Amino acid sequence: MDGIRAPAVLSQRKRQKGMHSPNPPCSYEIKFNKFVIFIMQRKMGMTRRTFLMELARRKGFRVESELSDSVTHIVAENNSYLEVLDWLRGQAVGDSSRFELLDISWFTACMEAGRPVASEMKYRLMEQQDQFPTLNTSEPEVPSFAANKVSQYSCQRKTTLNNFNKKFTDAFEIMAENYEFKENEIFCLEFLRAASVLKFLPFPVVRMKDIWGLPCMGDQVRDIIEEIIEEGESSRAKDVLNDERYKSFKQFTSVFGVGVKTSEKWYRMGLRTLEEVKAEKTLKLSKMQKVGLLHYEDLVSCVSKEEADAVGLIVKKTVCMFLPDALVTVTGGFRRGKKIGHDIDFLITNPGPREDDDLLHKGLLLYCDIIESTFVKEQLPSRKVDAMDNFQKCFAILKLYQPRADNRSYNASKEFDMAEVKDWKAIRVDLVISPFEQYAYALLGWTGSRQFGRDLRRYANHEKKMILDNHALYDKRKRIFLKAGSEEEIFAHLGLDYVEPWERNA
Ligand code: DCT
Ligand code: MG
């Protein structure tokens with residue numbers, strides 16, 4: 001069998017047969033008795049482990065589900081030698097020398113050969129991390145790319161806006177959004193993580209082999225990649241785009257102030273389009289939603305970098321009228337180098353005494369929903385992956401006057417006394433006010449991307465026993481807050497290499 005296509009083909013079959021048990025009855029003939037393989041689930045996940053065990057058993061290998069005395073070969077993926085030793089210690093295994101500790105690339109080579117291959121140096125997990133094997137050594141196009149060195153955490157990857165795999169990531173984002181609409185967080189994150197890994201790849205995926213060894217490539221994801229490689233598009237993503245519920249939710253959530261909950265309510269009422277929403281006079285719309293509908297056309301059209309710069313000048317000038325020393329920083333997508341966005345995010349802080357509390361009440365905006373600070377001194381960072389922070393903030397709509405591009409049409413309209421030409425655009429602006437001592441954490445959080453932030457928090461929690469949010473970093477073992485005056489210091493506290501804002505487009 002072509003090992004490259006095995007994962008997707010099998011996962012389809014698995015679904016058809018409904019084989020989901022982690023320990024299927026071993027009905028396959030064992031051809032290679034001397035080798036007893038154990039596959040570590042750590043960093044691999046149960047689904048992938050089950051798939052690999054099944055694959056090997058089908059090919060005549062003896063694979064144990066438990067770490068029994070008979071095991072001779074331990075296979076790990078994305079785990080260093082020391083991590084495997086650590087894990088074995090946790091399993092009360094004192095003497096690890098009785099096992100061969102091998103990287104997944106050895107297993108892959110065996111599957112490809114259809115028989116056990118020698119456990120050469122390049123496959124062995126060893127103390128010297130430089131010896132970590134690379135899967136793609138046979139790929140002349142990408143000689144230095146080691147798939148199994150790719151971290152499952154996007155905060156350990158540098159992801160620029162240069163995406164070689166847009167046709168895959170677009171499909172994944174459609175799938176993720178549909179699961180978000182269904183409030184299925186697990187599947188939603190599965191697709192967002194997969195999209196993030198492919199955005200990081202320095203080459204376009206053209207065959208299944210290109211994704212071998214990469215983290216976050218579950219069965220659903222592989223199926224879609226395989227279909228796009230073969231057919232040029234994903235039928236599942238296409239079905240979602242044509243799905244009535246998805247189409248309605250997409251329209252509803254495009255209105256400022258409308259989220260999944262409101263969309264669900266409207267959909268249950270039988271509403272399907274925004275026209276129907278507008279016509280339904282019994283609906284109680286919030287102030288935010290009313291204004292969202294009023295400026296709908298402007299707000300769904302993207303904000304350009306030029307518009308962001310123009311708004312930046314206005315916001316800075318206005319803030320400095322009240323607080324001359326204030327620091328005003330553009331965060332969000334524009335800080336990551338994006339050329340368009342759905343809004344402009346600003347972080348405002350004032351060194352020195354706290355007099356910034358009143359800033360948002362001075363009145364400079366078309367629409368403004370001010371949320372007062374709910375931060376309590378010394379509160380522990382939030383453990384939630386997607387928690388809202390407690391800064392005083394303002395989700396606003398700003399009226400940006402625009403220079404007329406075409407003077408003739410302006411003159412003509414004046415001459416013929418036509419209706420007034422609209423010379424402004426409504427623009428979504430988020431203003432966040434942070435105390436000076438929390439500024440670095442707020443900047444890191446509000447720069448995003450959302451996926452980068454999620455993975456930073458997950459990494460802090462799982463790998464460092466720390467809790468990170470937009471206000472602070474707390475070390476659970478030492479029971480102390482870690483102060484930081486810059487983003488670099490936060491990365492250093494977490495033991496991470498610094499990632500520049502334009503490399504956080506995960
Ligand atoms: N963020 C946050 N807490 C929130 C909202 C956002 O920490 N309650 C972070 C995550 C990303 C960043 O702020 C900016 O958010 P968005 O504007 O939604 O994202 P963006 O990356 O700027 O994308 P867009 O270009 O669509 O505005
Ligand atoms: Mg933004």
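If you're wondering where the values come from, they're calculated on a predicted model, not measured in any experiment. Both ligands and their constituent atoms are indexed starting at 1 by order of listing.
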Exercise for the section: Give me the ring orientation class for Phe491 and Tyr498: parallel if the planes are under 30° apart, tilted from 30 to 60°, perpendicular past 60°. Expected result: perpendicular

Practice task
For the pair Trp266 and Phe252, name the ring-plane relationship: parallel under 30°, tilted 30 to 60°, perpendicular over 60°.
Solution key: perpendicular

Please check whether [X] reaches ligand 1 - meaning an N/O of the residue sits under 3.5 Å from an N/O of the ligand, judged on distance alone.
| X | result |
| --- | --- |
| Asp389 | no |
| Lys338 | yes |
| Asp343 | yes |

Practice task
Mind checking whether Asn470 contacts ligand 1 via backbone (N, CA, C, O), side chain (CB onward), both or neither, at a 4.0 Å heavy-atom cut-off?
Solution key: side chain

Exercise for the section: Keeping waters out of it, list the protein N, O or S atoms under 2.8 Å from the Mg ion (ligand 2). Expected result: Asp343 OD1, Asp345 OD2

Would you call [X] and [Y] a salt bridge, taking side-chain N to carboxylate O under 4.0 Å as the test?
| X | Y | answer |
| --- | --- | --- |
| Arg335 | Glu487 | yes |
| Lys250 | Glu177 | yes |
| Arg157 | Glu503 | no |

What atoms in ligand 1 come closer than 4.0 Å to a heavy atom of [X]?
| X | value |
| --- | --- |
| Asp345 | 14 (C), 17 (O), 22 (O) |
| Arg336 | 21 (O) |
| Gly445 | 7 (O), 9 (C), 10 (C), 13 (O) |
| Gly332 | 14 (C), 22 (O) |
| His342 | 17 (O), 18 (O), 24 (P), 25 (O), 26 (O), 27 (O) |
| Gly341 | 25 (O) |

Problem - Phe395 six-ring centre to Arg428 NZ/CZ under 6.0 Å and within 45° of normal - result: no

Handout entry: Geometric cation-pi criterion, Arg454 with Phe452: 6.0 Å, 45°
Key = no

Check: [X] side chain, [Y] main-chain N or O, donor-acceptor pair, under 3.5 Å:
| X | Y | result |
| --- | --- | --- |
| Thr349 | Tyr439 | no |
| Thr447 | Leu443 | yes |
| Asn165 | Phe203 | yes |

List, one per line, each side-chain donor-acceptor pair under 3.5 Å for residues 472-481, sequence neighbours excluded.
from: Asp475; atom 1: OD1; to: Arg477; atom 2: N; distance (Å): 2.9
from: Asp475; atom 1: OD1; to: Lys478; atom 2: N; distance (Å): 3.0
from: Lys476; atom 1: NZ; to: Asn461; atom 2: OD1; distance (Å): 3.2

